[in-house]
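The structure under discussion appears below in the form of structure tokens.
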Amino acid sequence: MLNQLDQLEREALAQLAEAGDAAALEAWRVTYLGKKSRLMTILGDLGKLPPAERPAIGRRGNEVKRALEAAYAERVAALKQEELERSLTAAPLDVTLPGRPVEIGRLHPVTQTLREIYAVCAEMGFQVYRSREVETDEMNFQLLNIPPHHPARDMWSTFYTTVPGVILRTHTSPGQIRVMRAYCPEPIRVILPGMCYRYEQITARSEIQFTQVEGLAVGRHITMADLKGTLVEFARRMFGADRRYRFRASYFPFTEPSAEMDIECVICDGKGCPVCKYTGWVEILGAGMVHPVVLRNGGYDPDVYSGYAWGMGPQRITMLRYQINDIRYFWENDLRFLEQF
Ligand code: FA5
């Protein structure tokens, strides 16, 4: 029996040296170390041997088992190493190849427009003033000369909160009151950018959430000519010197007189298309001279001070500049759209 074990060990080790791949190794393991292998049978049947022989056979049998297990583990590791070396030499790594490109984000097209608006206005002396998005009914309407039940409230469909008198601002105009109260009696030249909310049907031209940029100048001897000059220069910088513009009389409760500014449609060059509703003109902002009631609510004496204000929509301006025909693209987060800017 001891001889048999010696022979088994020699044979197994010789066979192991021949096993050249994973499949051969596994076959070897089943043959020499598996449950039904000769070695396991000998160890399992120890009880059937005469008691005198058992210790010697048992000891030797376990020795062979440990030797085979160790040799097996070594061979597995050696084969793995061989395989690694083979794969490295067969297809050598080219460390000079460029790496995978890192995806770099970019500014949202409306943010790009906003920054351009800031830059143009900054050169004309306007500072950015940030005002809150959650407003009071008083600031958003009443102090802007729109008392409760005034029909002009229909111009702004409002999101109300559960707190009485607290709403989401429908326009950036309430910032006019806040900035006037903060600076009175100093002269003011600010723009107020930010998000506004209206409970409206979402269409290709209207969102329930959109940005506005309000402009406000207050001081002595400010006239409508200053307003026109500022807005004409602004349009020239944003849309080019050749783009035609026009002012139309309009109505806002917080300005008097009020106007709206159109620019010649950049999509059809004024010939008429669906975006300009075949008029050749597109409205870009509402504006006017600050109403005396609003000046007084801001702390300024309307007999001494005057001012002008405007409010425009950067989404619509971005649509015009890039010929985007649906405002909903801006919030859809579709990379195919956003990556074009
Ligand atoms: C106003 O909101 C006035 N507060 C503007 C103003 C300010 C007038 C100061 C006089 C003095 P209006 O509702 O027209 O006006 O909105 C101004 C601009 O905001 C629009 O020209 C448009 O560009 C943008 N806007 C309005 N509603 C939406 C909407 N639902 N989705 C996207 N943009 C909008």
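We count ligands from 1, going down the list as the structure has it; atoms in each ligand are counted the same way. The structure presented is a predicted model; accordingly, all values stated were derived computationally and were not measured.
Classified by interplanar angle (parallel below 30°, tilted 30° to 60°, perpendicular above 60°), the ring pair Trp310/Phe126 is perpendicular.
In this structure, the protein non-hydrogen atom closest to atom 9 (C) of ligand 1 is Glu214 OE2, 3.3 Å. Nearest to atom 15 (O) of ligand 1 among the protein's heavy atoms is Phe252 CE2, 3.6 Å. Looking from atom 2 (O) of ligand 1 to the surrounding protein, the closest heavy atom is Arg198 NH2, 2.9 Å. When only non-hydrogen protein atoms are considered, atom 5 (C) of ligand 1 lies nearest to Gly311 CA, 3.9 Å. Scanning all protein heavy atoms for the shortest distance to atom 31 (N) of ligand 1 gives Glu207 N, 3.0 Å. Looking only at heavy atoms of the protein, atom 25 (N) of ligand 1 is closest to Phe210 CE1, 3.5 Å. Counting only heavy atoms of the protein, atom 21 (O) of ligand 1 lies nearest to Glu283 OE2, 2.9 Å.
Aromatic ring centroids of Phe252 and His171 lie 6.0 Å or more apart.
The contact set between ligand 1 and Ile327, taken as ligand atoms under 4.0 Å from a residue heavy atom, comprises 32 (C). Close approach to Gln176 involves these atoms of ligand 1, each under 4.0 Å from a residue heavy atom: 9 (C). Atoms of ligand 1 found under 4.0 Å from any heavy atom of Phe254 (numbered from 1 in listed order, with element): 3 (C), 4 (N), 6 (C), 7 (C), 8 (C), 9 (C), 10 (C), 11 (C). If you number the atoms of ligand 1 from 1 as listed, the ones under 4.0 Å from a heavy atom of Trp156 come out as 1 (C), 2 (O), 13 (O).
Contact check on Arg38 versus Glu11 returns a salt bridge, with a Lys/Arg side-chain nitrogen under 4.0 Å from an Asp/Glu carboxylate oxygen. Using a cutoff of 4.0 Å between basic side-chain nitrogens and carboxylate oxygens, Arg244 and Glu264 are scored as salt-bridged. Contact check on Glu233 versus Arg236 returns a salt bridge, with a Lys/Arg side-chain nitrogen under 4.0 Å from an Asp/Glu carboxylate oxygen. The pair Glu283-Arg205 does not meet the salt-bridge criterion, since no charged nitrogen lies less than 4.0 angstrom from a carboxylate oxygen. The pair Lys65-Glu69 counts as a salt bridge, with a side-chain nitrogen and a carboxylate oxygen less than 4.0 angstrom apart. In this structure, Arg243 pairs ionically with Asp269, as a charged nitrogen and a carboxylate oxygen lie closer than 4.0 Å.
Figure legend: cation-pi geometry between Arg220 and Tyr305, with NZ or CZ positioned under 6.0 Å from the six-membered ring centre and within 45° of its axis.
One option in Ala287, Gly286, Pro314, Gly313 has a heavy atom closer to atom 24 (C) of ligand 1 than any other, and that option is Gly313. Nearest to atom 18 (C) of ligand 1 by heavy-atom distance, out of Arg316, Arg205, Met319, Gln212, is Gln212.
Distances shorter than 4.0 angstrom do not occur between any heavy atom of Gln315 and any atom of ligand 1.
Looking at Thr170 next to ligand 1, no N or O pair under 3.5 Å apart turns up. The shortest N or O to N or O distance between Thr255 and ligand 1 is not under 3.5 Å. Considering both main-chain and side-chain atoms, Glu200 comes within under 3.5 Å of ligand 1 through a nitrogen or oxygen pair. The shortest N/O to N/O separation between Ser173 and ligand 1 falls below 3.5 Å.
When side chains are defined from C-beta on, Phe141 does not count as touching Glu135, because their heavy atoms never get closer than 4.5 Å.
The residue from Thr230, Thr255, Thr223 that alone fulfils the side chain to side chain donor-acceptor pair (under 3.5 Å) condition with Tyr308 is Thr230.
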